[in-house]
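The structure under discussion appears below in the form of structure tokens.
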Amino acid sequence: MAEPVRTMRYYLMDEIVIHNKKFDCWVVIHKNVFNLTPMLKDRCDHWNRTLDYLVAHAGKDLTHLFHENGEPRTEISPCSGRPRVLFPPILEVAISEYAKTKHAMWSQDPFYHIGRITRRPRRIRVINALTGHVQHMTVCDEDSIYDIQQKYKSRYNHHAGSYEWRKFSNSAKRCGLLNLNGTLDENGLTDDEDCDVELPPPSLWLYYTDDLTIA
């Protein structure tokens, strides 16, 4: 089966905070996710203390330091009386042309922009019909079923491709097909966002196909 068409990638904040190292550095600005790792690797031989300051903020939300368009916020220096940026690392750039977009600050550079923070996290259950195991997951509201499959495969079961993924419809009386390109809502798997009572999270069912060649 061909891989579904991919669009904008969405992330949970829990997925951002783990990218908090010198050469694995992600930051968030107004829900936009930037991977600054290429710039930091490019500056390896031209390092400075300002880049250390940037790494100290890796995996964090820097929204309060930037305007919505990515321009850095400024303040008036009490010493010179002139404007200065609140976050000095915004002035750092990659040296190599292949590691940046020319004349763009990294907070506005599409080269580093890898996605957005989800509108809201979604709780789901993935039920293995063979073993009866129930795996609770938190995914992005915008995730397609294909995205969820890949996350489940990388986190919990590397043989997830050997299973047929299904849903139950018609009041759980009939096993239905899933649209891999569709989101949970688009597959009719809604939750209790607009409901007065708490409902169990939607369930995805895994049926073993005995075909390890597609895992």
Side-chain angles (χ1 to χ4, degrees), residues 2-77 82-122 137-155 180-181 183-184:
E3 181 175 316
V5 176
R6 308 307 303 281
T7 54
M8 173 67 73
R9 177 76 188 272
Y10 289 89
Y11 297 91
L12 302 165
M13 271 308 299
D14 288 350
E15 296 176 286
I16 305 301
V17 296
I18 61 175
H19 298 279
N20 58 2
K21 304 175 183 64
K22 181 175 181 179
F23 295 137
D24 182 16
C25 175
W26 293 14
V27 297
V28 175
I29 299 174
H30 291 283
K31 292 189 176 294
N32 292 296
V33 181
F34 295 88
N35 179 4
L36 303 181
T37 307
M39 181 182 75
L40 295 178
K41 288 184 176 179
D42 186 66
R43 292 292 302 273
C44 187
D45 294 329
H46 301 83
W47 200 262
N48 59 39
R49 294 179 64 182
T50 307
L51 292 174
D52 283 330
Y53 187 60
L54 174 58
V55 172
H57 289 79
K60 294 182 172 60
D61 190 336
L62 307 183
T63 295
H64 61 290
L65 299 170
F66 292 85
H67 294 288
E68 195 164 352
N69 64 357
E71 290 278 349
R73 293 187 181 275
T74 60
E75 64 181 358
I76 300 300
S77 169
R82 292 179 296 180
R84 65 183 181 189
V85 295
L86 290 177
F87 193 62
I90 189 56
L91 303 176
E92 299 295 332
V93 296
I95 295 175
S96 304
E97 293 300 321
Y98 68 83
K100 63 182 178 182
T101 299
K102 195 173 183 179
H103 304 311
M105 293 182 295
W106 54 256
S107 60
Q108 296 176 319
D109 193 339
F111 182 82
Y112 305 120
H113 184 226
I114 60 172
R116 287 182 56 81
I117 296 298
T118 182
R119 180 179 73 90
R120 67 185 180 104
R122 292 283 301 272
M137 290 181 63
T138 300
V139 299
C140 299
D141 186 56
E142 302 84 355
D143 279 345
S144 67
I145 298 300
Y146 178 82
D147 294 327
I148 294 172
Q149 285 180 337
Q150 297 308 302
K151 290 180 179 181
Y152 177 82
K153 183 176 180 180
S154 64
R155 297 176 190 174
L180 294 185
N181 286 314
T183 63
L184 291 169

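The one candidate from Leu51, Leu36, Asn35 that meets the side chain to side chain contact (heavy atoms under 4.5 Å, CB included) condition with Cys25 is Leu36.
A heavy-atom distance below 4.5 Å is found between the side chains of Trp106 and Ile29. At a threshold of 4.5 Å between non-hydrogen side-chain atoms, the residues Leu91 and Val85 count as touching. At least one side-chain heavy atom of Gln108 sits less than 4.5 Å from a side-chain heavy atom of Glu71. Contact of the Pro121 side chain with the Val139 side chain is not registered, since no non-hydrogen atoms from C-beta on lie closer than 4.5 Å.
Closest non-hydrogen pair, Pro89 versus Leu54, comes out as CB-CB, 3.7 Å. For the residue pair Met13 and Ile117, the shortest heavy atom distance occurs at SD-CD1, 3.6 Å. Of all the heavy atoms in Tyr10 and Glu142, the pair that sits closest is CD1-CB, 3.4 Å. Nearest heavy atoms, Ile95 versus Asp42: N-OD2, 2.5 Å. Closest approach of Tyr11 and Gly115 over heavy atoms only: CE1-CA, 4.1 Å. Shortest non-hydrogen contact noted between Glu92 and Thr50 is OE2-CB, 3.5 Å.
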| query | Can you list the steps and then say if Trp26 with Ile18 is a side-chain contact (heavy atoms from CB on, under 4.5 Å)? | reply | CA-CA 9 Å; Trp26 293 14; Ile18 61 175; over 6 Å; no
| task | Evaluate the criterion side-chain contact (heavy atoms from CB on, under 4.5 Å) for residue pair Leu184 and Ile145; output intermediate values, then yes/no. | result | CA-CA 7 Å; Leu184 291 169; Ile145 298 300; 4.0 Å; yes
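Interatomic distance, CG of Leu40 versus CG of Asp24, reported as 10.0 Å (0.5 Å rounding). Here the straight-line distance linking atom CE of Met105 with atom CD1 of Ile90 works out to 5.5 Å at 0.5 Å rounding. The NE2 atom of His30 lies 8.5 Å from the CG atom of Asp61; values are rounded to the nearest 0.5 Å. The line from CZ of Arg73 to CG of Leu86 is 8.0 Å long, rounded to the nearest 0.5 Å.
Put simply, the side chain of Asp109 gets close to the backbone of Thr101: a donor and an acceptor are under 3.5 Å apart. Using modelled atom types, one side-chain atom of Arg43 and one backbone atom of Val93 make a donor-acceptor pair closer than 3.5 Å. Remark: side-chain polar atoms of Glu15 are paired, donor with acceptor, to backbone N or O of Leu12 under 3.5 angstrom. Formation of a donor-acceptor pair under 3.5 Å by the His19 side chain with backbone atoms of Thr37 is not found in this model. Looking only at distances, no side-chain donor or acceptor of Arg122 sits under 3.5 Å from a matching main-chain atom of Cys140. Ser144 places no side-chain N or O within 3.5 Å of a backbone atom of Asn181 that could act as its donor or acceptor partner. Between the side chain of Glu97 and the main chain of Lys102, no donor-acceptor pair closer than 3.5 Å is present.
With a 6.0 Å radius and a threshold of 12 heavy atoms from other residues, nucleotides or ligands, Glu68 has its CD atom at or below the threshold. Within 6.0 Å of NZ on Lys22 lie more than 12 heavy atoms contributed by other residues, nucleotides or ligands.
Between Phe66 and Phe87, the ring-plane angle classifies as perpendicular under the 30° and 60° cut-offs.
The salt bridge (Lys or Arg N to Asp or Glu O under 4.0 Å) check on Asp143 picks up Lys151, with sequence neighbours excluded.
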